[in-house]
Amino acid sequence: MRFIITFALTSFLLFSALYGLILAVDPYNKFGFNLFNFETKAVDFARENKFNQVEHGQKDYTAFIMGSSSAHRYLTKELNRLTGLTSYNYSTQSATPEDYIAMTRHILTKYKPKLILIAFGFEELSTQTKTDDMFYSSPLKNYLNEVSEEDKSTGLFNNSYLTIEAIADSFKVIWVNVFGNPLHAYLEDGDQVVEPLAKTLKVTQFGYAGFDIDQKRVAYLKTLRDLAEKNNIRLLIFTSPLSLEHLQRIQSDPALMASHELFKSTLVDIFGTVWDFQNMSIAPYNSLEYFRDSNHPTHEFSTTVLEQMLGKESAKFGKLLKK
Amino acid sequence: MLFNSYSFIFAFLPLALIGYFTLNHLKQVSLAKTWLIAASLYFYTFYSFNNLPILAMSLLMNYFIGHSLHSELKWISKQNLFRFGLVFNIGLLSFFKYSGFLLPLGLSFFTLQQVAFLIDSYEGLAEEKSFLDYAVFVCFFPTLISGPIVHYQLLMPQIASKDNKRFNLDLFSTGIFVFCMGLVKKVLISEAFASWAKPGFDEATSLDLLAAWKTSLSYLFQLYYDFSGYTDMAIGIGYMFNVKLPQNFNSPFRSKSIIEFWSRWHMTLSQFINTYLFTPIVRAMPKITFKSTMFATFTAMFIAGIWHGAGMTFVVYGALHGFALVVNHMWKKRKKKLPPFMAWFLTFNFINITFVVFRAKDLVGAIKVLKGMFGFTGVVVPKVIVKSVGPLKDFGFKMGTYLQPTDYALIFMLFGAFYLIFKAKSSLELEKEFKPETKVAVACGLAFVFCFFGMNRITEFIYFNF
């Protein structure tokens with residue numbers, strides 16, 4: 001019995017210590033903790049950073065890119081080239097429709113946008129995906145109009161923090177802040193620093209189980225659509241590219257596949273037209289040149305996606321879904 | 001369901017154990033077995049119900065044939081019924097393996113296990129009257145998907161034993177220890193090597209000498225730690241149910257000959273091949289000579305190769321190993337011995353090269369890696385080793401970049417893997433020597449927590465594909 005008790009106790013104590021360290025450092029800024037008052041994190045405070053850039057921007061932005069971390073690598077210079085507009089990348093990690101409606105309202109207080117692109121991830125419409133805690137601790141929350149107590153309450157457990165990478169990144173954050181030169185992750189116009197290609201493609205797991213469409217989010221998106229229409233803004237809606245491994249994973253499970261189709265059809269119902277990049281036409285692009293991991297396209301591939309949608313070049317992938 | 005998943009470790013396994021031992025404690029033996037079968041089927045169908053009809057059909061048909069072999073039959077002779085059973089199993093396996101349909105999970109393993117049962121039944125070595133017991137034998141979840149391939153005579157007496165129906169703290173502790181060993185192999189070691197093996201095989205269009213060796217060695221260790229990790233976890237879970245499952249690996253990379261390698265690698269498959277393929281082929285020969293046994297050896301290995309799949313890579317893999325075994329036997333017959341290091345070096349590299357063929361998507365992919373390994377595509381020297389390649393440029397040497405952190409990690413992991421092969425005790429030795437001491441419990445706890453943090457990604461086992 002002593003063996004089992006010692007095993008359980010050691011596991012519990014070590015887990016608590018490591019998870020406690022991760023929470024205290026909060027390397028990906030999931031909870032907004034900054035116990036040690038660090039100047040920078042592994043992932044910077046995107047919402048605050050970008051909110052402030054938009055708020056105090058010196059340029060007259062007329063095009064905006066929104067989305068979660070999968071939309072970080074759409075370069076504004078490429079969008080400028082393709083549209084002739086002046087663009088800003090307002091994507092933030094773990095974004096959901098709450099972000100998009102709040103961002104649109106925020107933008108409209110300062111600018112007269114002509115084009116907004118939104119990259120949707122599969123999980124964003126699911127009731128299983130909670131609104132990011134950082135949304136509520138950011139100034140963007142003031143643009144949502146309604147924030148329920150239920151939305152605010154998320155636990156202290158986060159999938160991204162139950163990883164070896166989170167342990168390593170916590171130590172890295174400590175190292176950089178204590179011994180290094182802390183830098184911000186976002187450049188002018190909301191662009192992200194260009195990273196070297198990844199060495200390996202990781203297929204990340206999401207809580208797809210029990211996928212139900214969050215009707216509140218559907219309502220937010222309808223409001224966004226109407227707001228755009230009222231202000232003569234062209235909306236370009238698309239599903240963010242997924243790697244072949246990730247798609248095959250979805251397709252191997254009929255229930256998951258049905259959810260995936262429901263996700264797409266819901267977007268089509270709301271917006272009428274949606275560019276779909278979450279289909280098998282992605283196969284020729286399934287390498288590390290095009291994906292940093294299973295759901296984060298590289299800068300180069302992000303540009304190809306923009307070119308496909310904006311009609312400057314006809315790549316042989318993606319599908320235009322219509323009502 | 002995967003052994004290395006939160007749902008398995010924290011929900012499925014505890015519930016399966018609690019239900020099984022509680023029902024046994026209440027003397028509800030049949031209910032306990034039913035619980036175990038239900039749990040196993042839940043485990044099997046966790047991702048998809050599609051495979052269940054195949055498993056059910058195979059189970060029912062083999063039970064019927066096995067049962068009938070011990071009954072008085074008027075409508076068919078036992079020999080013909082037995083032949084029909086073999087044709088049914090081989091046909092089922094061949095149809096799904098080679099017709100291009102999606103291979104049902106675990107088909108290769110539960111089919112071989114049942115073929116062994118049929119042969120043993122026909123020869124009077126095994127008999128099962130109870131369908132419930134037979135279903136436990138086939139569906140027992142630790143072995144259902146990827147082995148080890150268990151004989152009826154080994155598993156069922158343990159399930160039937162009265163002593164084994166009580167929860168055993170000592171065996172449970174051993175189970176935790178062995179399971180943690182497997183978890184470390186899979187989650188911390190195999191996964192790390194996988195990240196270096198995959199780009200070389202699946203993404204690179206050509207590989208220089210160092211990159212090719214990095215790719216092949218990474219795959220060799222990925223496969224070994226993946227499969228032996230799975231086996232350790234299965235054995236660990238077996239212990240938790242008071243069942244001792246057979247070992248599948250015994251430090252195979254220490255082998256100094258191919259004959260020795262096959263007695264240490266995927267041991268339950270090797271034993272199956274030996275008992276149910278090699279021996280019948282030899283027996284079928286008109287005269288047992290050295291030549292006829294070599295023919296049987298080659299044929300058995302060739303079949304073992306294509307058991308993995310229909311691709312040409314598996315045909316070549318089986319043929320190469322069959323050929324190597326024949327050469328090894330001929331060498332042995334001459335009673336000549338190589339120096340131990342030379343014997344190991346040749347064996348290890350032969351295994352490494354043949355696993356390149358085994359892993360590659362096709363022969364072109366295998367040749368791509370092999371060309372690199374034999375220096376046909378030049379050598380890219382990292383800057384950290386030399387500042388300039390100088391006159392070596394004429395021999396195809398090129399200057400590369402500085403080593404990346406992942407390259408240092410690979411070097412560290414390769415040294416670690418070779419250390420584990422030669423210096424560390426094998427899982428088998430550690431399992432035998434296990435004592436439930438505090439320091440061991442602490443080590444298991446540490447390993448478990450790091451694996452816990454490493455399990456947050458999709459990581460199926462390689463042998464799920466076979």
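Side chains included, hydrogens not; waters and symmetry mates left out as well; all remaining heavy atoms used. Chain identifiers are assigned alphabetically (A, B, ...) following the order of the sequence lines, protein sequences preceding nucleic acid strands; residue numbering begins at 1 within each chain.
- Heavy atoms closer than 4.5 Å to chain A are found in the side chain of B/Ile176, but not in its backbone.
- Among A/Ile167, A/Leu13, A/Asp253, the residue making the largest number of heavy-atom pairs under 4.5 Å with chain B is A/Ile167.
- A salt bridge is defined here as a Lys NZ or Arg NE, NH1 or NH2 lying under 4.0 Å from an Asp or Glu carboxylate O, and B/Glu431 with B/Lys244 meets this definition.
- Between the side chains of B/Tyr230 and B/Asn4, no donor-acceptor pair of N or O atoms lies under 3.5 Å.
- With a 4.5 Å cut-off on non-hydrogen atoms, A/Leu9 does not touch chain B at all.
- The main-chain N or O of A/Ser240 is found under 3.5 Å from a side-chain atom of A/Gln278 such that the two form a donor-acceptor pair.
- Heavy atoms of B/Phe49 lying under 4.5 Å from chain A are absent altogether.
- With hydrogens and angles left out, the side-chain atoms of A/Ser70 and A/Asn295 include no donor and acceptor closer than 3.5 Å.
- Residue B/Cys451 does not touch chain A at all, counting heavy-atom pairs closer than 4.5 Å.
- Between A/Glu165 and A/Lys172 there is no salt bridge, since no side-chain nitrogen of the basic residue lies less than 4.0 Å from a carboxylate oxygen of the acidic one.
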